[in-house]
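Contents: one structure, followed by commentary.
Only this structure's heavy atoms are used, side chains among them; waters, hydrogens and symmetry mates stay out.
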Amino acid sequence: MSGWIAVAGLGPGAEDLVTPEVSAALAEATDVVGYIPYVARVAAREGLTLHPSDNRVELDRARHALEMAAAGKRVVVVSSGDPGVFAMASALFEALEVAPEFAQTDIRILPGITAMLAAAAHAGAPLGHDFCAINLSDNLKPFEMVEHRLRHAARGDFAMAFYNPRSKSRPHQFERVLEVLREECEPERLILFARAVSTPEERIVTVPLAEATPEMADMRTVVIVGNSATRRVGKWVYTPRSAGGR
């Protein structure tokens, strides 16, 4: 039997934001691999084995998926959002790079709706012009690099989406992020805090940068910072498509 791996994005939370392509792969799968809360989103059924694991074992998880596919299993590696955005697609290829014996594995990357896009849609169009995404976690890179990229993105007048802004293990780093933004941006710059987007717990708050506090973010929050032209129109926030904002 020929095995395969699909690295699939489950979207930001709502079941109706899981793509038909991902649903079809899950229906064919013999095994599902992923971080514990993401695997919990997959319904158990006869013939399907679930393999939940901790958040810091991505390479072990990827290697396990490659081994199962080589044994003929149909494996879906699940991520929230999109698997190519700070998630398991890159980890799988990293594992593949050091394991050439799996080079012929049938691998499919199945995109999903990532948190920044869902948050932007629910808020209006704050990412309507040039933007970048920055993972604020320093688990895989030094915080000095986070600060360097943040500062230059602000100087380039990009809108910015921040993933993993604040956790119990690093509660003070987001305070520094806000300090850097205040050094580089005007106090009126709009900043959105979108928590648990597309779930019943969704909450989106938009404030001027001067009023933002670290406590407005946690690990279930994606933060979007507008560019210098981002503004409100009624209840919506949007960034004009022209560079000058008019």
Side-chain angles (χ1 to χ4, degrees), residues 5-45 47-66 68 73-92 94-95 109-119 121-122 133-140 161-171 173-174 193-204 215-224:
I5 295 175
V7 189
L10 297 178
E15 290 305 311
D16 59 358
L17 294 183
V18 179
T19 69
E21 181 182 41
V22 169
S23 296
L26 289 170
E28 294 181 32
T30 60
D31 297 80
V32 170
V33 177
Y35 179 38
I36 296 165
Y38 306 153
V39 173
R41 292 179 56 186
V42 178
R45 59 169 171 80
L48 178 66
T49 303
L50 304 178
H51 303 270
S53 54
D54 187 72
N55 197 32
R56 292 176 180 260
V57 294
E58 288 91 348
L59 293 181
D60 292 341
R61 185 183 302 146
R63 173 80 186 200
H64 186 206
L66 289 167
M68 287 193 292
K73 301 287 189 179
R74 300 185 299 275
V75 185
V76 177
V77 181
V78 292
S79 295
S80 66
D82 180 278
V85 179
F86 308 125
M88 280 302 299
S90 181
L92 182 73
E94 187 176 350
I109 308 301
L110 309 183
I113 298 172
T114 188
M116 68 178 177
L117 299 182
H122 287 198
I134 302 175
N135 186 345
L136 298 185
S137 171
D138 62 353
N139 285 340
L140 297 174
F162 299 150
Y163 283 76
N164 301 316
R166 189 169 180 264
S167 69
K168 291 180 180 179
S169 63
R170 46 183 181 82
Q173 290 176 353
F174 190 58
F193 295 86
R195 188 178 190 277
V197 175
S198 85
T199 76
E201 294 80 38
E202 176 178 304
R203 183 170 182 261
I204 300 179
E215 294 74 23
M216 290 179 170
D218 63 11
M219 285 295 285
R220 296 190 69 193
T221 305
V222 61
V223 179
I224 296 178

Closest approach of Thr221 and Pro165, non-hydrogen atoms and distance?
O-CD, 3.2 Å

For Leu10 and Leu26, run side-chain contact (heavy atoms from CB on, under 4.5 Å): C-alpha distance rounded to whole Å, both residues' side-chain angles, the deciding distance at 0.1 Å, then the answer.
CA-CA 10 Å; Leu10 297 178; Leu26 289 170; 4.2 Å; yes

So, Arg166 side chain and Phe174 main chain: donor-acceptor pair closer than 3.5 Å or not?
no

If you define the side chain from C-beta out and look only at heavy atoms, does anything of Leu110 sit under 4.5 Å from Pro83?
no

So, the side chain of Thr49 versus the backbone of Asp31: is there a donor-acceptor pair under 3.5 Å, distance only?
no

Quick one: closest heavy-atom pair of Gly9 and Val22, and the distance?
O-CG2, 3.6 Å

Least distance between heavy atoms, Val32 atom then Ala29 atom:
CG2-CB, 4.5 Å

Apply side-chain contact (heavy atoms from CB on, under 4.5 Å) to residues Leu48 and Val42 and explain how you reach the verdict.
CA-CA 10 Å; Leu48 178 66; Val42 178; 4.0 Å; yes

Quick one: do the Thr19 and Glu21 side chains pair a donor with an acceptor below 3.5 Å?
no

Is there a side-chain contact between Leu136 and Gln173 in this structure, where contact means two heavy atoms from C-beta onward sitting under 4.5 Å apart?
no

Using a 4.5 Å cut-off on heavy atoms from C-beta on, say whether the side chain of Leu66 contacts that of Val75.
no

Smallest separation among heavy atoms of Ala25 and Val76, with atom names
O-CG2, 3.7 Å

Can you pull out every side-chain hydrogen bond (donor to acceptor under 3.5 Å, both in side chains) where at least one residue sits in residues 77-92? Sequence neighbours excluded, please.
Tyr38-Ser80

Main-chain N/O of Glu58 paired to Tyr35 side chain as donor or acceptor, under 3.5 Å
no

Between Ala14 and Arg41, which heavy-atom pair has the shortest distance, and what is it?
O-NH2, 4.3 Å

Nearest-0.5 Å distance that lies between atom CZ in Arg63 and atom CD in Glu94
13.5 Å

Run the side-chain hydrogen bond (donor to acceptor under 3.5 Å, both in side chains) test against Ser53 and tell me which residues pass, sequence neighbours left out.
Arg61

Any side-chain heavy-atom pair from Met68 and Val33 closer than 4.5 angstrom?
yes

Check whether Arg203 reaches the backbone of Phe193 with its side chain - one donor and one acceptor, N or O, closer than 3.5 Å.
no

When you measure from the side chain of Thr114 to the backbone of Leu117, do you find a donor-acceptor pair of N or O atoms at a distance under 3.5 Å?
no

Do other residues, nucleotides or ligands put more than 12 heavy atoms under 6.0 Å from Arg45 CZ?
yes

Distance in Å, Phe86 CZ paired with Asn139 CG, rounded so as to fall on 0.5 Å steps:
13.0 Å

Looking only at heavy atoms, what is the nearest atom pair of Ala91 and Ala62, with distance?
O-CB, 3.8 Å

